[in-house]
There are 2 protein chains.
Amino acid sequence: MVMSVDTELLRVLSDPLRLRIVTLLAHETLCTTHLVAETGARQTNLSNHLRVLRDAGVVETEPCGRFTYYRLRPEVLESLSGQFAGLAATARANADAKRSC
Amino acid sequence: MVMSVDTELLRVLSDPLRLRIVTLLAHETLCTTHLVAETGARQTNLSNHLRVLRDAGVVETEPCGRFTYYRLRPEVLESLSGQFAGLAATARANADAKRSC
DNA sequence: TGAAATTATCAGTCCATGGTGATGTCAGTC
DNA sequence: GACTGACATCACCATGGACTGATAATTTCA
């Protein structure tokens, strides 16, 4: 019952554009060009964000010629889901606990 | 099956101190003084963060004399957990989908 | 009523980080 | 080999937001 949430992972996912990327990748594996077209963001900007996502283990790359495919790693999201579920369960269990002043 | 995650809520929870507060409140309802003692942060700082958490609906307040108790709302965490689980499930279902360049 | 305790508000500072342009690197094509 | 396209890297700028000090508002107690 450690019930702690991965802060760093949360920070990485809390950016709107990065979350958008993750949502897109949840539907199909894409390469940078696709993401540029889908999001309207600059290539440089996307490349920076993809690096952050990759460093955090959220995404893995698959080089294919001059293209680079990005694939989402569902385990990471599942883990996060479990962490929040655990924290919520803890809160439910301790709903009546109140420290007196 | 839109499977989008609440970005604003994520942003709110992605701050280390706020996540610490949420974790503490998952175990028992506390007032500001307790949170000051537990976290070591300044009262002003905590008050600001608690306002953010409250505005985001993560926490609710219960005034009690000159004290203010803060209670965690588990529904919010459960919702977030469900959103991530749904996104992960989508990714699992589309694991083989890859758009060609 | 005066003083102390608890919490909130406000204005200001400072820094992390998201966005950008320029440039480098590598693969494919002519 | 020259050229184009895909992607990464670097340095820079601008801004949001975390933190702080001073202060106000409210409650409790002597």
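Every heavy atom of this structure was used, including side-chain atoms; hydrogens, water molecules and symmetry mates were not. Below, chain A is the first sequence line, B the second, and so on; all start at residue 1. Since the model is a prediction, treat every value here as computed from it, not as a measurement.
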Rounded to whole angstrom units, what separation is found between the [atom1] atom of [X] and the [atom2] atom of [N]?
| X | N | atom1 | atom2 | answer |
| --- | --- | --- | --- | --- |
| A/R51 | D/dA6 | CZ | P | 22 Å |
| A/E8 | C/dT17 | CD | P | 8 Å |
| B/L30 | C/dT7 | CG | P | 11 Å |
| A/Y69 | C/dA27 | OH | C1' | 15 Å |
| B/L46 | C/dT6 | CG | C1' | 13 Å |
| A/F67 | D/dT4 | CZ | C1' | 12 Å |
| B/L17 | D/dG17 | CG | P | 16 Å |
| B/L50 | C/dT6 | CG | C1' | 13 Å |

Task: Distance, nearest 0.5 Å, that separates CZ of A/R18 from CG of A/L50 - done: 10.0 Å
Which nucleotide, [options], lies nearest any side-chain atom of [X]?
| X | options | value |
| --- | --- | --- |
| A/T32 | D/dA8, C/dG21, D/dA18 | D/dA8 |
| A/R66 | D/dA18, D/dT9, C/dA27 | C/dA27 |
| B/N45 | D/dT20, D/dC7, C/dG19 | D/dT20 |

Task: Side chain A/N48 and base C/dT17 donor-acceptor under 3.5 Å - done: no
Open item on the list: Is it the case that D/dA6 (base atoms only) and A/Q43 (side chain only) share a donor and an acceptor within less than 3.5 Å, ignoring hydrogens and angles?
Closed with: no
Under 4.0 Å between any heavy atoms, over every strand shown, what does [X] touch: base, sugar-phosphate, or nothing? Just pick one.
| X | value |
| --- | --- |
| A/R11 | sugar-phosphate |
| B/T33 | sugar-phosphate |
| A/R18 | sugar-phosphate |
| A/C101 | nothing |
| B/D15 | sugar-phosphate |
| A/Y70 | sugar-phosphate |

Task: Distance-only donor-acceptor check, side chains B/S81 and A/S81, under 3.5 Å - done: yes
Task: DNA chain C: 5'-proximal contact among A/T44 and A/C64 (nearest heavy atom) - done: A/T44
Pair [X] + [Y], salt bridge at N-O below 4.0 Å:
| X | Y | result |
| --- | --- | --- |
| B/R73 | B/E78 | no |
| A/R71 | A/E62 | yes |
| B/K98 | A/E28 | no |

- [ ] Ignoring backbone atoms, establish whether A/H49 has a side-chain N or O less than 4.0 Å from OP1 or OP2 of C/dG19.
- [x] yes
Open item on the list: Between A/Y70 and A/T29, is there a side-chain heavy-atom distance shorter than 4.5 Å?
Closed with: no
